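Because the structure is a prediction, the values reported are computed rather than measured. We're numbering straight along the sequence, starting at 1.
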Amino acid sequence: MTLVSARRRAYWTVRLFDSADLYTEGQIAVLPADHPLAMRAELTLAEVTAVHDLPVARWPRRDGTYPEGPGPEVRTQSQLAQLVALGRTLLVIPASSRSWQWPEHVAVPVVDAPAITTVLAWPRTGYSPAVAALVRSAVAV
């Protein structure tokens with residue numbers, strides 16, 4: 001079984017998997033605690049992308065190269081958290097991701113960011129009574 005968080009139902013979900021939506025949530029900007037925007041009650045995507053002193057981190061592509069841009073190159077969530085704490089980057093993530101937020105971070109809601117739907121997905125060929133029971137329980141919660 002695979003648990004997926006997605007903004008919209010991806011092509012592979014529709015074609016290769018059966019799925020059930022678990023919940024939908026907003027997004028937050030995770031900023032260094034001492035950054036001026038950390039004092040705000042909410043932000044917009046335009047405000048987040050206009051923060052020139054905190055360029056968005058860049059993740060590697062499948063071939064290992066990085067997209068162009070001023071943000072730091074990252075490979076792990078731990079590295080990303082450290083860079084936010086050091087005031088080198090920020091990120092926009094689902095609100096439920098606050099659980100890994102450090103004391104050196106502040107989470108501010110991004111009011112116009114697309115909603116994120118967490119989807120429980122399983123291969124169409126792997127459906128069984130046990131999977132059906134798990135899906136029913138997860139959706140009921």
Side-chain angles (χ1 to χ4, degrees), residues 1-33 35-141:
M1 178 144 350
T2 304
L3 183 62
V4 181
S5 179
R7 290 184 185 175
R8 61 187 182 281
R9 193 157 312 283
Y11 173 80
W12 57 264
T13 301
V14 174
R15 302 290 282 182
L16 303 174
F17 292 85
D18 284 326
S19 63
D21 293 353
L22 294 181
Y23 61 93
T24 300
E25 63 184 317
Q27 295 192 67
I28 55 172
V30 178
L31 304 152
H35 194 275
L37 289 180
M39 303 301 168
R40 299 275 302 275
E42 59 185 35
L43 294 167
T44 65
L45 281 173
E47 291 170 320
V48 170
T49 57
V51 181
H52 300 293
D53 60 329
L54 294 175
V56 176
R58 296 173 295 135
W59 292 90
R61 297 180 183 111
R62 287 185 180 176
D63 66 2
T65 64
Y66 287 87
E68 294 292 321
E73 296 176 353
V74 297
R75 288 198 178 274
T76 68
Q77 226 177 347
S78 295
Q79 182 184 24
L80 181 59
Q82 182 68 37
L83 290 168
V84 172
L86 292 170
R88 301 257 332 270
T89 192
L90 61 77
L91 68 148
V92 177
I93 56 176
S96 62
S97 299
R98 289 179 196 251
S99 62
W100 70 265
Q101 182 179 330
W102 294 7
E104 297 87 359
H105 299 162
V106 169
V108 180
V110 181
V111 294
D112 61 345
I116 300 293
T117 299
T118 298
V119 175
L120 187 63
W122 58 94
R124 288 198 169 155
T125 59
Y127 200 73
S128 69
V131 170
L134 176 63
V135 170
R136 281 193 304 274
S137 294
V139 171
V141 173

Find out whether Val106 and Val30 are in side-chain contact, i.e. whether some heavy atom of one side chain is under 4.5 Å from a heavy atom of the other.
no
Distance check, rounded to the nearest 0.5 Å: Leu31 atom CG versus Leu90 atom CG?
5.5 Å
Between His105 (side chain only) and Val84 (backbone N and O only), is there a donor and an acceptor less than 3.5 Å apart?
no
Heavy-atom closest contact (Arg61 atom, Pro67 atom, distance)
NH2-CA, 3.1 Å
Is any side-chain heavy atom of Leu37 closer than 4.5 Å to a side-chain heavy atom of Leu54?
no
Whether Asp112 side chain and Leu45 backbone form a donor-acceptor pair below 3.5 Å:
yes
Sidechain-backbone polar pair: Thr24 side chain, Ala115 backbone, donor-acceptor under 3.5 Å:
no
Output the distance between atom CD (Glu73) and atom OG1 (Thr65), rounded to the nearest 0.5 Å.
9.5 Å
Assess the residue pair Leu22 and Val139 against the criterion (side chain to side chain contact (heavy atoms under 4.5 Å, CB included)); give the C-alpha distance rounded to whole Å, side-chain angles, the decisive distance to 0.1 Å, and a yes or no.
CA-CA 5 Å; Leu22 294 181; Val139 171; 4.1 Å; yes
I'd like to check Ile116 versus Ser96 (side-chain heavy atoms, cut-off strictly below 4.5 Å). Are they in contact?
no
Taking all heavy atoms of Glu47 and all of Arg40, pick out the closest pair and write down the distance.
OE2-NH2, 2.9 Å
Is there a side-chain contact between Leu80 and Trp59 in this structure, where contact means two heavy atoms from C-beta onward sitting under 4.5 Å apart?
yes
Nearest atoms (heavy-atom pairs only) where Ala107 meets Gln101
CB-OE1, 3.3 Å
Measure the spacing between CD of Gln27 and CG of Leu43 and express it to the nearest 0.5 Å.
12.5 Å
Search all heavy atoms of Ala57 against all heavy atoms of Thr89 and return the closest pair with its distance.
N-OG1, 3.0 Å
Of the options Arg75, Gln82, Gln77, which is the one that meets Gln79 in a side-chain contact (heavy atoms from CB on, under 4.5 Å)?
Arg75
Output yes when a side-chain donor or acceptor of His35 lies under 3.5 Å from a complementary backbone atom of Pro32, and no otherwise.
no
Heavy-atom closest pair (Ala41 atom, Pro109 atom, distance to 0.1 Å) is O-CD, 3.4 Å
To check you understand the geometry: which heavy-atom pair defines the closest contact between Ile93 and Ser97, and what is its length?
CD1-CB, 3.3 Å
Would you say Arg58 has more than 12 foreign heavy atoms packed within less than 6.0 Å of its CZ?
yes
